[in-house]
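What follows is a short report on a single structure.
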Amino acid sequence: MSRHQPHSATASGPVTTEDPQAPFLELLARGASADAYEQPVLLARAEGATAERIAALEAAKALALRVRAEMEGRRRREAELSALFETAHDLAGLRDLDAVLQAIVQRARSLLGTDVAYLTLNDPVRGDTCMRVTEGSVAARFQQLRLGMGEGLGGLVAQTARPYVTDDYGHDVRFQHTRTIDAGVGDEGLVAILGVPLMLGAQVIGVLFASDRRERVFEREEIALLGSFAALAAAAIDTANLLTETRQALNELERANEIIRDRSGVIERASDVHDRLAELVLRGGGVHDVAAAVSQVLDGTVEFTDAEVAPGHALEASRADGHAVRHQDDWVAAVAAGGELLGALVLRGHPGLDPVDQRTLERAAMVTSLLLLARRSAAEAEQRVRGELLDDLLDGRDRDPRLLRERAERLHADLDGPHVVLAARLESTGDAEQEAAARRRLWSAANHLAATRHGLAAARDGGTVLLLPAHTTAASELASQVAGRLSEAIHESVTVGASAPVADLAGWTERAAAAYVEAQRCLDALRLLGRSGQGAAAEDFGFLGLLLADSRDVAGFVARTIGEVVTYDERRGTDLLRTMDAYFASGMSPARTKDALHVHVNTVAQRLERVGRLLGEDWQTPERALEIQLALRLHRLAAPDIA
């Protein structure tokens with residue numbers, strides 16, 4: 001035992017006083033395998049540690065494994081995006097088609113962690129598909145395979161233009177097995193196979209595969225990732241074909257100097273836009289940067305528009321065949337990924353468009369789709385992290401203030417300052433599918449609001465909970481603002497209940513849970529009172545707020561209700577509070593009040609007039625009179641020296 005690990009003896013054996021999280025932090029720091037996280041617990045058991053010590057180690061181990069899984073997931077997503085951007089860069093500087101395809105296959109195999117990856121291309125002359133590039137293959141017969149359309153998994157992918165996956169190819173009866181294909185697959189020893197189509201518009205030009213020599217279930221994310229590589233491979237092939245077509249055109253027009261100059265200018269523009277788009281991708285540019293770059297190259301105005309704004313018929317036609325489509329004096333290129341339509345690039349007022357410039361517009365649409373997918377992936381990852389941190393605060397799962405603050409700082413949030421917890425919910429629409437869609441919109445809008453205000457948001461209890469800073473804004477005002485913003489964003493009525501401000505949430509995580517309960521009470525009160533679609537805090541409900549608030553802020557209620565009168569009496573030595581007590585005790589009769597106070601009735605009238613100026617002319621209405629009498633009683637109980 002190291003002298004740096006102090007022990008204390010108990011009846012059950014030696015007990016270490018070392019921080020239970022320390023060994024796991026060390027494992028995290030050196031990137032240890034998941035199995036290594038069992039060692040501290042096993043060692044503690046072997047040394048006869050107490051049950052409390054072992055429980056603490058188990059909790060620390062679970063937390064460390066969650067952190068490790070999150071770190072591994074982020075590294076994997078970063079590696080995937082990096083590989084996609086690197087491949088896009090290779091495509092932009094395309095010189096050797098085989099080298100680009102080989103790089104795509106290598107990166108697909110590496111990221112999916114498969115034994116083999118390979119790519120086949122369709123042969124329109126022979127009507128079949130043949131092996132083009134392999135990575136990890138050891139069998140010569142497999143590397144020379146040719147598949148008829150519809151034969152085997154690859155032939156079925158090429159025929160149907162849909163991804164197919166099998167965890168045991170040899171026993172899968174969905175595919176048409178042939179002796180040649182089965183022999184090649186058997187020589188290679190492949191068992192689990194995933195194949196995705198290489199598409200140019202609606203045409204399948206080949207298939208990209210990832211395969212293992214053991215049974216394996218490919219996840220949806222892995223299928224999508226391989227599909228992204230397939231899209232880049234198809235673009236590389238199409239780009240190579242485009243360059244070949246361009247060279248042929250230049251050769252054919254070699255004797256016509258003027259035409260040669262025209263074509264050279266087109267090629268220079270195409271090369272320029274490819275270089276610009278590659279640079280934009282590498283430095284993290286946005287979709288509007290892409291539109292601006294293409295506008296300069298094509299000498300026109302290119303805009304990115306949402307799918308709802310673009311011309312519907314032209315957009316669907318472009319989406320169907322994968323090419324830019326002319327619409328009156330404009331050109332429309334669909335921005336799509338998989339089967340999802342993300343928007344369109346529209347070239348304004350340019351009816352005459354060279355074919356190469358048309359391809360340039362189409363390339364820009366493809367790059368735009370990649371940027372949008374990358375941005376969405378990053379946004380979804382940040383939303384999950386924000387939601388997980390807020391869930392941990394509300395559930396009290398993470399008690400280490402330092403770790404909580406570090407997690408919050410990475411999200412530009414400050415848990416030490418005052419915050420308000422807000423519970424938001426929309427009314428049921430009656431249709432389950434519509435309600436689920438509305439909840440998703442509410443969750444997305446709440447996340448956007450939390451990100452812009454340096455707060456947190458999470459889906460919880462059928463609604464959404466937010467944690468927003470409240471440095472200068474009262475809780476009731478913040479609740480009203482959030483209700484209005486969310487309702488406007490999702491075009492549905494959203495009700496929001498808010499807690500009183502709480503601070504130091506990292507040091508006292510139970511405060512977040514208590515504040516959430518208070519916010520839910522306010523939300524339920526609004527709905528019971530028929531005030532759905534509004535936002536409020538406990539202070540908005542008068543004396544009812546004392547029942548809703550978690551802290552029972554009696555002093556705050558008294559100050560809000562009769563604070564002006566209390567301050568007036570303290571500063572001027574008047575008897576307005578005593579006069580109000582007597583007035584209400586006398587049934588709100590000035591005549592009986594003057595007898596109780598032994599003053600002239602005019603004195604009573606003057607005092608009541610002063611109260612009206614301090615509290616408002618409606619202070620004697622039944623609703624306000626009830627609250628004022630309750631505040632007077634609470635003030636008298638808190639200060640018994642007042643007669």
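Along the sequence shown, the residues carry numbers beginning at 1. As a basis for the values below, the full set of heavy atoms in this structure was taken, side chains included, without hydrogen atoms, waters or symmetry mates.
- With Ser211 contributing its side chain and Ala192 its backbone, the two residues share a donor-acceptor pair below 3.5 Å.
- Note: Leu403 CG to Leu63 CG = 6.5 Å, rounded to the nearest 0.5 Å.
- A pairwise comparison of heavy atoms in Glu219 and Glu222 identifies N-OE1, 2.8 Å as the closest pair.
- Shortest non-hydrogen contact noted between Val204 and Pro197 is CG1-CB, 4.3 Å.
- In this structure, Arg214 does not pair ionically with Asp167, as no charged nitrogen and carboxylate oxygen lie closer than 4.0 Å.
- Contact of the Glu58 side chain with the Ile54 side chain is registered, since non-hydrogen atoms from C-beta on lie closer than 4.5 Å.
- The shortest distance between side-chain heavy atoms of Thr178 and Ile181 falls below 4.5 Å.
- Checked against side-chain contact (heavy atoms from CB on, under 4.5 Å), Ala324 has the following partners two or more places apart in sequence or in another chain: Trp331, Ala333, Gln358, Leu361, Glu362.
- Panel note: side chain Asn447, backbone Trp443; a donor-acceptor pair is recorded below 3.5 Å.
- Closest of all the heavy-atom pairs between Ala230 and Val196 is CB-CG2, 3.7 Å.
- Considering all non-hydrogen atoms of both residues, Ala446 and Ala457 come closest at O-CB, 3.8 Å.
- Going from atom CD1 of Ile223 over to atom CG of Leu226 covers 9.0 Å, rounded to the nearest 0.5 Å.
- Checked against side-chain contact (heavy atoms from CB on, under 4.5 Å), Arg109 has the following partners two or more places apart in sequence or in another chain: Thr114, Ala117, Glu135.
- Atom OG1 of Thr166 is separated from atom CG of Leu194 by 10.5 Å, given to the nearest 0.5 angstrom.
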query: Taking it one step at a time, do Leu456 and Val465 satisfy side chain to side chain contact (heavy atoms under 4.5 Å, CB included)?
result: CA-CA 8 Å; Leu456 305 174; Val465 56; over 6 Å; no
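- Counting heavy atoms from C-beta on, the side chains of Asp391 and Arg460 come closer than 4.5 Å.
- When the side-chain hydrogen bond (donor to acceptor under 3.5 Å, both in side chains) test is applied to Arg179, no partner is found at least two apart in sequence or on another chain.
- Contact annotation: the side chain of Leu225 never approaches that of Arg107 to less than 4.5 Å [non-hydrogen atoms, C-beta and beyond].
- With Leu119 as the fixed residue, the side chain to side chain contact (heavy atoms under 4.5 Å, CB included) test singles out one of Thr134, Leu198, Val207: Leu198.
- Screening residues 184-205 for salt bridge (charged side-chain N to carboxylate O under 4.0 Å, His left out) gives Arg141-Asp187, Glu188-Arg213 as the qualifying pairs, with residues at least two apart or on separate chains.
- Residue pairs satisfying the side-chain hydrogen bond (donor to acceptor under 3.5 Å, both in side chains) criterion with at least one member in residues 142-151, sequence neighbours excluded, are listed as follows: Asp123-Arg146, Asp128-Arg146, Ser137-Gln143.
- Remark: Glu47 does not engage Arg53 in a salt bridge, criterion side-chain N to carboxylate O under 4.0 Å.
- Taking the side chain as every heavy atom from C-beta outward, Thr120 and Leu145 never approach each other to under 4.5 Å.
- For Thr160 (side chain) and Leu156 (main-chain N/O), a donor-acceptor pair under 3.5 Å exists by modelled atom type.
- Side-chain contact between Leu147 and Met131: absent, with no pair of heavy atoms (C-beta onward) separated by less than 4.5 Å.
- By the side-chain hydrogen bond (donor to acceptor under 3.5 Å, both in side chains) test, Asp35 is found to be paired with no residue, residues two or more places apart in sequence or in another chain being considered.
- With Ser318 contributing its side chain and Ala334 its backbone, the two residues share a donor-acceptor pair below 3.5 Å.
- From Phe218, atom CZ reaches atom CG of Asp212 across 5.5 Å, with rounding to the nearest 0.5 Å.
- Put simply, the side chain of Val302 does not reach to within 4.5 Å of the side chain of Val346, judged on heavy atoms.
- The CD1 atom of Ile193 lies 7.5 Å from the CZ atom of Phe209; values are rounded to the nearest 0.5 Å.
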message: side chain to side chain donor-acceptor pair (under 3.5 Å), that's the test. Do Asp330 and His327 meet it? Break it down for me.
response: CA-CA 5 Å; Asp330 302 335; His327 175 71; over 6 Å; no
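- Nearest heavy atoms, Leu200 versus Ala234: CD2-O, 3.6 Å.
- Listed by chain and residue number, nothing satisfies the side-chain contact (heavy atoms from CB on, under 4.5 Å) test with Ala224 (two or more places apart in sequence, or in another chain).
- Distance check: Thr129 OG1 to Asn122 CG gives 4.5 Å after rounding to the nearest 0.5 Å.
- The side-chain contact (heavy atoms from CB on, under 4.5 Å) search around Arg220 returns none, not counting sequence neighbours.
- Taking the six-membered ring where tryptophan is involved, the planes of Tyr169 and His177 are tilted, since the angle between them lies from 30° to 60°.
- By the ring pair (Phe, Tyr, Trp, His ring centres under 6.0 Å) test, Phe142 pairs with Tyr118, sequence neighbours left out.
- The heavy-atom pair separating Ala344 from Val332 by the smallest distance is CB-CG1, 4.1 Å.
- Screening residues 192-211 for salt bridge (charged side-chain N to carboxylate O under 4.0 Å, His left out), with sequence neighbours left out, gives no hits.
- Under the ring pair (Phe, Tyr, Trp, His ring centres under 6.0 Å) criterion, His313 pairs with no residue at all, not counting sequence neighbours.
- Judged purely by atom type and a 3.5 angstrom limit, Ser444 has no side-chain atom pairing as donor or acceptor with the backbone of Arg440.
- Side-chain atoms of Asp172 come within 3.5 Å of backbone atoms of Arg174 as a donor-acceptor pair (strictly under, hydrogens ignored).
- In this structure Arg132 satisfies the side-chain hydrogen bond (donor to acceptor under 3.5 Å, both in side chains) test together with Asp98, sequence neighbours excluded.
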